[in-house]
Student: 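Got a structure here, written out as structure tokens. Questions coming.
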Amino acid sequence: MKTTTPPFGLANLGPIAQLRAGRLPERLLRLLLGLWLYGLAIALMIEGAVGASPWDVFHLGASLHLPLSFGMVMIVTAVAVLLAWIPLRQMPGLGTVANTLLLGPFADVNLALLGAPDSLPLRCAYLLGGVLVCALATALYVGAQLGPGPRDGLMTGLSRRTGWSIRRVRTVIEVAVLIVGVLLGGTVGVGTVVFALGVGPATQFFLRYLVVRLDAPTGRVDQPAGETR
């Protein structure tokens, strides 16, 4: 695969360099806000009840074939995705850890705060809101440049290594995960398709405005030999 410049100024920094790259308080705030909004997006999709996201379809389908709970399947999947970072030379960071530890609790809190809508139009509004909020949240915490979550790191790593746009990579990943999830027996709906096709373009749009521009400690933001939820 060819090596390209990073999309939207996303830097290829190790964990320590991420913390030293400047504007840390602002970036920490963006990270936490992004994770909170991602929890809200999950709650909107679940409460809307018109189709889970592709990753959740996959987790549900896998849980039907494994002696593991839904949550444990999510953890195992995250570990497997992190292993895929190795050939991509993707760098973890504080954001990677925060994604693992905080996203679940944030989703639980938002689920407790949100009520299930009664009408179909409101459920559809929840769906569309969930897709847009998910894209905004992804751009916020990935753009904070403190290390993306496991699945988003796969997205940005593949974008760098292939030269494909974030939109294209995200859409390919979501569709592929959805197909596998359906084959495993996961439940889908119209919301699943909307999410799979819509979240990639929306994420690319928000990333244009939400990536924090950094000066790497080495004087460069990209290392041609490697790459940086």
Side-chain angles (χ1 to χ4, degrees), residues 7-8 29-61 70 74 77 95 99 102-144 148-156 158-159 164-182 186-211 229:
F8 306 119
L29 180 60
R30 286 171 177 252
L31 169 65
L32 293 175
L33 178 60
L35 291 175
W36 172 264
L37 288 175
Y38 206 111
L40 174 61
I42 292 172
L44 285 168
M45 292 285 292
I46 292 176
E47 293 291 359
V50 288
S53 70
W55 277 107
D56 286 338
V57 172
F58 172 80
H59 295 145
L60 178 60
F70 181 83
M74 291 186 67
T77 302
N99 183 287
L102 297 179
L103 188 55
F106 284 170
D108 287 341
V109 171
N110 280 290
L111 281 168
L113 294 175
L114 280 178
D118 296 324
S119 65
L120 181 59
L122 189 53
R123 289 165 60 193
C124 291
Y126 269 44
L127 161 65
L128 295 177
V131 173
L132 290 176
V133 172
C134 177
L136 172 62
T138 301
L140 270 171
Y141 73 75
V142 170
R151 296 160 185 82
D152 296 302
L154 179 65
M155 172 187 71
T156 56
L158 284 173
S159 177
W164 291 0
S165 68
I166 291 288
R167 175 181 63 243
R168 184 179 182 184
V169 170
R170 178 89 187 226
T171 300
V172 168
I173 291 173
E174 297 289 343
V175 171
V177 168
L178 173 61
I179 292 173
V180 175
V182 170
T187 303
V188 300
V190 63
T192 309
V193 178
V194 172
F195 186 94
L197 297 179
V199 73
T203 299
Q204 176 157 315
F205 171 79
F206 287 120
L207 272 171
R208 295 181 184 276
Y209 306 100
L210 293 174
V211 172
R229 85 122 275 245

Student: Locate the shortest heavy-atom distance separating Ser159 from Ser165; write the atom from each residue and the value.
Tutor: OG-C, 4.0 Å

Student: Restricting to non-hydrogen atoms, name the atom on Pro117 and the atom on Glu47 that form the minimum distance, rounded to 0.1 Å.
Tutor: CD-O, 3.3 Å

Student: Output the distance between atom CG (Leu37) and atom CG (Leu132), rounded to the nearest 0.5 Å.
Tutor: 12.0 Å

Student: Rounded at 0.5 Å granularity, tell me how far CG in Leu44 sits from CG in Leu40.
Tutor: 4.5 Å

Student: Considering only heavy atoms from C-beta outward, does the side chain of Leu114 approach that of Ile46 to under 4.5 Å?
Tutor: no

Student: Could you pull out every donor-acceptor pair under 3.5 Å between side chains of residues 121-129 and any protein atom, sequence neighbours left out?
Tutor:
from, atom 1, to, atom 2, distance (Å)
Arg123, NE, Gly48, O, 3.1
Arg123, NH2, Ala49, O, 3.0
Tyr126, OH, Gly115, O, 3.1

Student: Any side-chain to backbone donor/acceptor pair from Asn110 onto Phe106? Under 3.5 Å, distance only.
Tutor: yes

Student: My understanding is that only one of Leu32, Leu33, Leu31 makes a side-chain contact (heavy atoms from CB on, under 4.5 Å) with Leu140; could you say which?
Tutor: Leu33

Student: With sequence neighbours left out, what residues match Ser53 under side-chain hydrogen bond (donor to acceptor under 3.5 Å, both in side chains)?
Tutor: Asp56

Student: Could you grab the distance from atom CZ of Phe206 to atom OG1 of Thr138, nearest 0.5 Å is fine?
Tutor: 10.0 Å

Student: To check you understand the geometry: which heavy-atom pair defines the closest contact between Ala41 and Cys134, and what is its length?
Tutor: CB-N, 3.5 Å

Student: So do the side chains of Thr203 and Ile166 get within less than 4.5 Å of each other, counting heavy atoms only?
Tutor: yes

Student: Ala43 and Ala107: which non-hydrogen atoms are nearest, and at how many Å?
Tutor: CB-O, 4.4 Å

Student: Rounded to the nearest 0.5 Å, how far apart are OG1 of Thr171 and CE of Met155?
Tutor: 10.5 Å

Student: Could you tabulate the donor-acceptor pairs under 3.5 Å formed by side-chain atoms of residues 172-182, not counting sequence neighbours?
Tutor:
from, atom 1, to, atom 2, distance (Å)
Glu174, OE2, Arg170, NE, 3.0
Glu174, OE2, Arg170, NH2, 3.4

